[in-house]
Each structure stands twice: as structure tokens, then as C-alpha cells.
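None of the values given here were measured: they were computed from a predicted structure. Throughout, protein chains are lettered first and strands after them, A, B, ... in sequence-line order, and every chain is numbered starting at 1.
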Number of protein chains: 2
Amino acid sequence: MKPTERHDRLASFEQECRRRGLALTVQRRTVFEELAGRRDHPTADQVYDAVHRRLPSLSRTTVYRVLETLVETGFARKVHHPDAVVRFDPTTGRHHHLVCESCGSLVDLDDSVVPRVPIPDARGAGFRIRDYTVSFNGLCSSCH
Amino acid sequence: MKPTERHDRLASFEQECRRRGLALTVQRRTVFEELAGRRDHPTADQVYDAVHRRLPSLSRTTVYRVLETLVETGFARKVHHPDAVVRFDPTTGRHHHLVCESCGSLVDLDDSVVPRVPIPDARGAGFRIRDYTVSFNGLCSSCH
DNA sequence: TTGTATGCAAAAGGTTTGCAATGAT
DNA sequence: ATCATTGCAAACCTTTTGCATACAA
């Protein structure tokens with residue numbers, strides 16, 4: 001991510017906080033910057049480890065709370081991973097996932113690489129579908 | 001599920017156990033029957049509750065272990081659900097999910113309803129893709 | 001100044017593990 | 001008889017909560 005882009009994302013996060021009347025604390029900024037700067041899908045604890053190194057006073061509880069705030073404000077997504085530990089994804093637009101069946105590693109796949117999936121008729125199930133994500137499973141380079 | 005089908009699945013599970021040298025215990029049979037008879041995606045604890053009623057001596061630990069065995073032998077799948085608790089799905093063939101953004105409910109969607117997704121070229125990411133699942137998100141009937 | 005956000009400690013799930021006893025082959 | 005599987009209790013890990021303090025607005 002280019003410095004400009006990073007700055008833009010932070011600015012837009014701060015703007016959204018103001019819009020919602022959320023206080024702009026160092027903790028929120030730090031956690032946001034950490035997550036936004038990553039291309040993987042860290043757990044709350046992994047974010048905590050990284051962030052705690054920079055700002056030792058920041059607590060694990062706050063990391064959990066800020067990540068929740070990021071999800072609510074649309075700056076992160078929860079990713080559903082087979083290991084049953086929540087992971088956070090800073091990419092919120094439509095994209096897809098490659099999941100390794102062997103080691104569980106998870107990689108993003110850009111939407112442009114995957115042909116559009118027509119939204120099926122789920123009226124039978126009473127569902128109003130808004131979007132979708134495709135999870136491809138297989139073996140990653142280290143596992144085959 | 002018809003009685004015949006239920007019998008067939010149990011028989012094929014028992015056969016797979018023998019093939020792998022896994023002992024055919026009452027516990028394995030009972031947990032398998034419980035999961036295979038459900039159309040939802042229960043947590044280990046939900047399976048435990050149901051099974052423990054029928055066989056009070058069966059412990060929670062064993063339920064966790066048997067469910068793991070079912071996944072290893074291909075008779076169940078772990079489902080990635082937003083609540084970060086592992087859920088088990090007795091349907092192992094390709095199928096898709098409808099997830100409600102509001103209440104988190106999860107419903108299966110048959111593969112026949114979803115047009116085939118061509119497997120993308122993931123060589124860049126070093127992945128060998130074997131299959132896929134589409135997660136549709138939106139609102140369920142109770143939530144809209 | 002006012003009320004929200006944080007940190008701490010403790011609780012609350014969910015899941016795993018060590019070990020002795022049990023039971024399938 | 002032998003080895004895998006079970007049950008129990010305890011440990012472990014992740015996440016949440018209550019409450020007093022600190023800090024942004």
C-alpha cells in the first residue's frame with residue numbers, strides 16, 4: 001500500500017468516527033493502521049501482538065473492542081475460517097478466498113479473477129441475497 | 001431422510017471405519033446417526049445435548065473426538081460460521097450457504113441452484129484448487 | 001465538564017489433553 | 001491379550017464483562 005493510500009484510509013476512518021461521534025483515540029488509530037497495513041487475515045491476538053509492541057499500554061481487551069468497531073464501521077470484515085478463531089480482513093470489497101485444506105492458510109483472491117456468479121433465486125429459503133464470496137479449497141504451495 | 005438411506009449411510013460409515021482399522025463403538029455410531037439425521041449445522045455441544053439424552057454415559061469429550069473422526073473420514077464437514085464456534089455439516093458433497101447478516105442463521109443451498117463457477121487460475125498464489133463453496137450473504141425471512 | 005473509551009481482573013464459553021479404566025478386535 | 005477408545009478432570013485458549021480510571025470532545 002502506498003503512503004498516500006494509507007493516509008487516505010486513515011483519514012476516511014477518522015471521518016467516519018467523527019460522523020458517528022466515536023472518539024478518536026490513539027488505540028483506535030493504532031489498531032486501524034496495523035490491520036489496514038496487513039495483507040493477511042490476522043486473529044485478534046495477532047493484531048494485539050503487533051500493536052502491543054508499538055504501544056505497550058494498549059490492552060488485549062481494547063484490541064477486541066476496536067476490531068469490533070472496525071467491523072461495525074465497515075473498515076474490516078470477519079472472515080470465517082475453519083479453525084474457529086475469528087480472523088479479520090481489512091479488505092471489505094467483494095473478494096474471494098483460497099483456503100488450504102492441509103495447513104489452513106488463507107489467501108485473498110481478487111474478484112476480477114473470478115467470473116461473476118449470478119445470484120440464485122433463494123425465495124424458497126426466504127432469503128434476500130445481497131452479495132457473495134467464493135471459498136476455493138485446495139492445497140497451497142507449501143502443502144503440495 | 002428415508003430409513004433405507006439412513007441405513008446405507010451408517011453401513012458405509014461402518015465400512016470406512018473397518019477399512020481404516022477404527023473400532024466400531026456405540027459412541028461413534030450414535031454420534032454419526034445423530035449428525036447424519038440432521039439438516040442443520042449443529043455445534044459440538046448441540047450434538048452432545050441430543051446424543052447425551054439417548055446415551056447418558058457418552059461424554060462431551062468423546063463427542064468432540066468423534067466429530068473430528070467424522071471429518072477425517074469424510075462423513076462431515078466443518079462449516080465456517082460467523083459466530084466463531086465450529087459447526088458440523090453432515091452434507092459433504094458440494095453445496096453452498098446462505099448466511100443471514102443479521103441473525104447469523106445459516107441454510108444450505110443445493111449446488112444445482114448455483115451456476116457452475118469456473119475454477120480460476122490460482123497459480124500465481126501457488127494454489128492447487130480442488131473445489132469451492134459459495135457463501136451468499138443477505139437477510140433471512142425473519143430478519144427483513 | 002461530560003460521557004465515552006480504556007485497562008484490569010475475573011468470568012465465561014469452547015476445545016484440548018493426560019491418564020487410568022474400559023471395551024473392541 | 002492387545003491396543004484403540006472412552007470418561008473424567010483439569011488445563012488451555014479465545015472472547016466477553018463489570019467496574020473504576022483516564023481521556024477526547
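Between the C1' atom of C:dT16 and the CZ atom of B:R60 lies a distance of 13 Å, rounded to the nearest Å. Between the P atom of C:dA5 and the CZ atom of A:F32 lies a distance of 17 Å, rounded to the nearest Å. Summarising the geometry, the separation between CG on B:L55 and C1' on D:dT6 is reported as 11 Å, rounded to the nearest angstrom. Put simply, CG on A:D83 is 14 Å from C1' on C:dT16, counting in whole angstrom units. Protein atom CG of B:L67 is 12 Å distant from nucleotide atom C1' of C:dT15, rounded to whole Å. Rounded to a whole Å, the CZ atom of B:R28 is 11 Å from the P atom of C:dA24. Between the P atom of C:dA12 and the CG atom of B:D45 lies a distance of 16 Å, rounded to the nearest Å. What separates CG of B:L22 from P of D:dC3 is a distance of 17 Å, to the nearest Å.
For A:Q27 and C:dG7, the shortest distance from a side-chain N or O to OP1 or OP2 is below 4.0 Å. Phosphate proximity of C:dG7 to A:T62: present, with a side-chain N or O under 4.0 Å from OP1 or OP2. Under 4.0 angstrom from either OP1 or OP2 of C:dT15 there lies at least one side-chain N or O belonging to B:Y64.
Taking only side-chain atoms of B:T61, from C-beta outward, the nucleotide of C:dT16, D:dT5, C:dA5 with the closest atom is C:dT16.
Among the heavy atoms of the strands lying under 4.0 Å from A:T25 are primed sugar atoms or P, OP1, OP2 only; no base atom is included. Within 4.0 Å of A:T43, counting heavy atoms only, lies no atom of the nucleic acid at all.
Summary of the strand contacts: B:E68 and A:V66 both lie near DNA chain C, and taking for each the nucleotide with the nearest heavy atom, the more 5' one is attributed to A:V66. The 5' end of DNA chain D is approached more closely, in terms of each residue's nearest nucleotide, by B:S57 than by the other of B:S57 and A:V86. When the nearest nucleotides of DNA chain C are assigned to B:L24 and A:G21 by heavy-atom distance, the more 5′-ward of the two goes with A:G21.
The residues B:R65 and B:E68 are annotated as not salt-bridged, no charged nitrogen and carboxylate oxygen being separated by less than 4.0 angstrom. Checked for salt-bridge contact, A:E14 and A:R29 meet the test: a charged N lies under 4.0 Å from a carboxylate O.
A donor and an acceptor atom sit less than 3.5 Å apart, one in the side chain of B:R65 and one in the base of D:dG7.
In this structure a side-chain-to-backbone donor-acceptor pair under 3.5 Å is missing from B:T62 to B:L58.
Shown here is A:R123, whose CZ atom has no more than 12 heavy atoms of other residues, nucleotides or ligands within 6.0 Å.
Using a 4.5 Å heavy-atom cutoff, the side chains of B:E34 and B:T30 are not in contact.
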